[in-house]
Amino acid sequence: MSDELQFQVSEVTPSYWQVTFSNGPVNLIDVDTIEQLSALVDRMEQAPDLTVVVFRSANPDFFMAHFDFLADGARIAAMKPGPTGLHPYADNLIRLGRVPAVTVSAIEGRARGAGSEFVLATDIRFAGPRAVLGQFEVGVGAVPGGNPSGQLSRLVGRGRALEILLGADDFPAQLAAEYGYVNRVLPEGELDGFVDAFARRIARFDKVAVAETKALVDKSTRIPDEEFGAALSAYFRTAGRPENEHRVKRLFEGGLQQPDGVELDLGKRVAQ
């Protein structure tokens with residue numbers, strides 16, 4: 001694991017934490033992210049007073065861009081299963097969704113692919129007006145691996161889930177809110193203040209009441225672990241196939257994983 005921490009934790013109070021993500025110029029998710037997120041979830045599970053956690057980005061243009069296309073595939077394949085028995089990537093998403101504390105994503109900028117899958121694993125999603133979400137994987141010949149098929153179908157319905165997944169396009173904040181992809185959009189400059197006030201409100205409440213209410217909601221909406229395992233297996237089976245190398249190569253030629261390249265309108269560019 002890298003010595004550089006990607007998740008900076010600020011314990012505002014024992015019951016309220018803010019976690020800020022930072023990893024390179026576009027906030028890529030990589031193997032170190034997976035390992036560090038696992039350690040963070042461990043810490044969240046073990047915090048006796050923790051009631052609410054807000055996830056933010058240090059980069060106003062990129063909440064979490066997507067998974068790093070240049071990540072070490074052998075290292076990914078060699079990762080040991082997490083507590084759920086699944087690969088740590090799927091394990092993290094499942095465990096993050098089930099911690100007793102309420103988890104809130106405050107989304108500024110872009111959250112696509114694995115970044116979208118991360119925010120879908122949190123309980124509540126608020127967005128700034130310039131936020132962009134999307135699952136572009138089909139556009140590069142892969143099946144999305146973090147089970148957005150299961151998450152989105154339950155959030156937005158089957159038809160809209162298929163529109164998001166198969167269209168592989170960008171969803172600007174307001175449309176994402178209309179679909180139910182995010183809870184609501186806050187006006188320019190108001191996201192951080194709103195989310196902080198919301199989190200402080202929950203943090204003042206009794207932890208047992210909050211956790212047990214969340215557990216009851218989860219009992220009605222919980223996605224089986226097997227769905228996450230199947231989605232990640234489908235991703236590993238379909239990603240990186242030789243017949244799609246030209247798609248990824250073209251994106252890199254246009255500045256993929258750079259802050260001023262195709263990342264700005266990736267949903268449009270995967271279809272060109």
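We use all heavy atoms of the structure for the numbers below, so side chains are in, but hydrogens, waters and symmetry mates are not.
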Requested in this report: Taking atom CZ of Arg43 as the centre, report whether more than 12 heavy atoms of other residues, nucleotides or ligands fall under 6.0 Å from it.
Outcome: yes
Query - Atom pair CG/CZ of Leu232 and Phe236 - distance to nearest 0.5 Å - result: 4.0 Å
Query raised in the report: Could you give the distance from OG1 (Thr51) to CD1 (Ile202), rounded to the nearest 0.5 Å?
Result: 9.0 Å
Query - Gln36 side-chain N/O to Gln6 backbone N/O, donor-acceptor pair under 3.5 Å - result: yes
**Report entry** Pair His87 + Phe228: ring centers closer than 6.0 Å
**Finding:** no
Report task. With sequence neighbours excluded, tell me which residues meet side-chain contact (heavy atoms from CB on, under 4.5 Å) with Ser149. Result -> Asn147, Leu165
Query raised in the report: Hey, what do you get for CG (Leu152) to CG (Leu133), rounding to the nearest 0.5 Å?
Result: 9.5 Å
Query raised in the report: What do the steps show when you test Val9 against Glu11 for side chain to side chain contact (heavy atoms under 4.5 Å, CB included), and what is the final call?
Result: CA-CA 6 Å; Val9 179; Glu11 297 188 20; 4.2 Å; yes
Report task. Identify, with sequence neighbours excluded, every residue that meets side-chain contact (heavy atoms from CB on, under 4.5 Å) alongside Arg56. Result -> Gln18, Thr20, Val54, Ala106, Asp192
Query - Distance (rounded to the nearest 0.5 Å) between Arg95 CZ and Met44 CE - result: 10.0 Å
Query - pair Thr122-Val104: side-chain heavy atoms closer than 4.5 Å - result: no
Query raised in the report: Do side-chain atoms of Arg241 reach the backbone of Gly141 as a donor and acceptor pair under 3.5 angstrom?
Result: yes
Report task. Output yes when a side-chain donor or acceptor of Thr238 lies under 3.5 Å from a complementary backbone atom of Val143, and no otherwise. Result -> yes
Query raised in the report: Is Ser233 reaching over with its side chain to a backbone N or O of Ala230, donor-acceptor style, under 3.5 angstrom?
Result: no
Query raised in the report: Is there a side-chain contact between Val26 and Gln258, using heavy atoms and a 4.5 Å cut-off?
Result: no
**Report entry** Nearest atoms (heavy-atom pairs only) where Leu120 meets Pro148
**Finding:** CD1-CB, 4.0 Å
Query - Nearest-0.5 Å distance that lies between atom CD1 in Ile94 and atom OG1 in Thr84 - result: 4.5 Å
Query raised in the report: Which atoms form the tightest heavy-atom contact between Ala127 and Ala131, and what is the distance?
Result: CB-CB, 3.9 Å
Query - Heavy-atom side-chain proximity of Leu186 to Arg184 below 4.5 angstrom - result: yes
Query raised in the report: In Å and rounded to the nearest 0.5 Å, what is the CD1 to CG distance from Ile34 to Asp91?
Result: 10.5 Å
Query raised in the report: Closest approach of Ala65 and Leu28, non-hydrogen atoms and distance?
Result: CB-CD2, 4.2 Å
Report task. Output every pair passing side-chain hydrogen bond (donor to acceptor under 3.5 Å, both in side chains) with a member in residues 202-222, not counting sequence neighbours, ordered by first then second residue. Result -> Asp123-Lys214
Report task. Evaluate the criterion side chain to side chain contact (heavy atoms under 4.5 Å, CB included) for residue pair His66 and Leu266; output intermediate values, then yes/no. Result -> CA-CA 11 Å; His66 49 72; Leu266 187 55; 4.1 Å; yes
Report task. Answer yes if Val195 and Val185 sit in the same cluster of Ile, Leu, Val, Met, Phe, Trp and Tyr residues linked by side chain heavy atoms under 4.5 Å apart, and no otherwise. Result -> no
Report task. Please name all residues satisfying salt bridge (Lys or Arg N to Asp or Glu O under 4.0 Å) with Arg112, sequence neighbours left out, ordered by chain then number. Result -> Asp170, Glu263
Requested in this report: Report the C-alpha separation of Asp196 and Arg201 in whole Å, then their side-chain angles, then the decisive distance to 0.1 Å, and conclude whether the salt bridge (Lys or Arg N to Asp or Glu O under 4.0 Å) test is met.
Outcome: CA-CA 9 Å; Asp196 181 63; Arg201 178 182 176 89; over 6 Å; no
Report summary line: When every non-hydrogen atom of Pro224 is compared with those of Arg154, the smallest separation belongs to CD-NH2, 4.1 Å
Report task. Check whether Val99 and Leu86 end up in the same hydrophobic cluster, where Ile, Leu, Val, Met, Phe, Trp and Tyr are linked by side-chain heavy atoms less than 4.5 Å apart. Result -> yes
Query raised in the report: Are any of the side-chain heavy atoms of Gln8 and Phe21 separated by less than 4.5 Å?
Result: no
Requested in this report: Could you list the residues that satisfy side chain to side chain donor-acceptor pair (under 3.5 Å) with Arg130, not counting sequence neighbours?
Outcome: none
**Report entry** Path from Leu191 to Leu175 over hydrophobic side-chain contacts below 4.5 Å
**Finding:** no
Query - Counterpart residues, ring pair (Phe, Tyr, Trp, His ring centres under 6.0 Å), relative to Phe205 (two or more places apart) - result: none
Query raised in the report: Partners of Phe55 by ring pair (Phe, Tyr, Trp, His ring centres under 6.0 Å), sequence neighbours excluded?
Result: Phe118
Query raised in the report: Distance-only, no hydrogens or angles: does the Asn59 side chain make a donor-acceptor pair with backbone N or O of Pro25 under 3.5 Å?
Result: yes
Query raised in the report: So do the side chains of Glu117 and Pro144 get within less than 4.5 Å of each other, counting heavy atoms only?
Result: yes
Query - Side chain Arg158, main chain Ser153, donor-acceptor under 3.5 Å - result: no
Query raised in the report: Should Leu96 and Thr103 count as side-chain neighbours, where that means a heavy-atom distance under 4.5 Å?
Result: yes
Requested in this report: Give the intermediate values and the outcome of side chain to side chain contact (heavy atoms under 4.5 Å, CB included) for residues Trp17 and Val52.
Outcome: CA-CA 7 Å; Trp17 294 2; Val52 58; over 6 Å; no
Query raised in the report: Is there a chain of hydrophobic side chains (I, L, V, M, F, W, Y, each step under 4.5 Å between heavy atoms) that links Leu166 to Phe136?
Result: no
Requested in this report: Would you please say whether a donor-acceptor pair under 3.5 Å links the side chains of Ser57 and Asn27?
Outcome: yes
Query raised in the report: Quick one: side-chain contact (heavy atoms from CB on, under 4.5 Å) partners of Val31, sequence neighbours excluded?
Result: Glu35, Ala71, Arg75, Ile76, Met79
**Report entry** Test ring pair (Phe, Tyr, Trp, His ring centres under 6.0 Å) applied to Phe126 - qualifying residues, sequence neighbours left out
**Finding:** Phe194, Phe198
Query raised in the report: Under a 4.5 Å cut-off applied to non-hydrogen side-chain atoms, are Val19 and Val53 in contact?
Result: yes
Report task. Quickly, which of Glu163, Arg160, Glu178 forms a side chain to side chain contact (heavy atoms under 4.5 Å, CB included) with Phe171? Name it, please. Result -> Glu163
Query raised in the report: Is Glu108 reaching over with its side chain to a backbone N or O of Pro60, donor-acceptor style, under 3.5 angstrom?
Result: no
**Report entry** Asp49: partners by side-chain contact (heavy atoms from CB on, under 4.5 Å), with sequence neighbours left out
**Finding:** Pro14
Name each donor-acceptor pair under 3.5 Å that joins a side chain in residues 247-257 to protein atoms two or more places apart or in another chain, with its distance.
| residue | atom | partner | partner atom | Å |
| --- | --- | --- | --- | --- |
| Arg247 | NE | Asn244 | OD1 | 2.7 |
| Arg250 | NH1 | Arg269 | O | 3.0 |
| Arg250 | NH1 | Gln272 | O | 3.2 |
| Arg250 | NH2 | Gln272 | O | 3.3 |
| Gln257 | OE1 | Phe69 | N | 2.7 |
| Gln257 | NE2 | Asp68 | OD1 | 3.0 |

**Report entry** Heavy-atom check, side chain of Phe63 versus side chain of Ser105, under 4.5 Å
**Finding:** yes
Query - Minimal non-hydrogen separation, Tyr89 against Gly146, with atom names - result: CE2-CA, 3.8 Å
Requested in this report: Mind listing the closest non-hydrogen atom pair of Gln151 and Ile223 along with its distance?
Outcome: OE1-CD1, 3.3 Å
Query raised in the report: Among all residues two or more places apart in sequence or in another chain, which pass the ring pair (Phe, Tyr, Trp, His ring centres under 6.0 Å) test with Tyr181?
Result: none
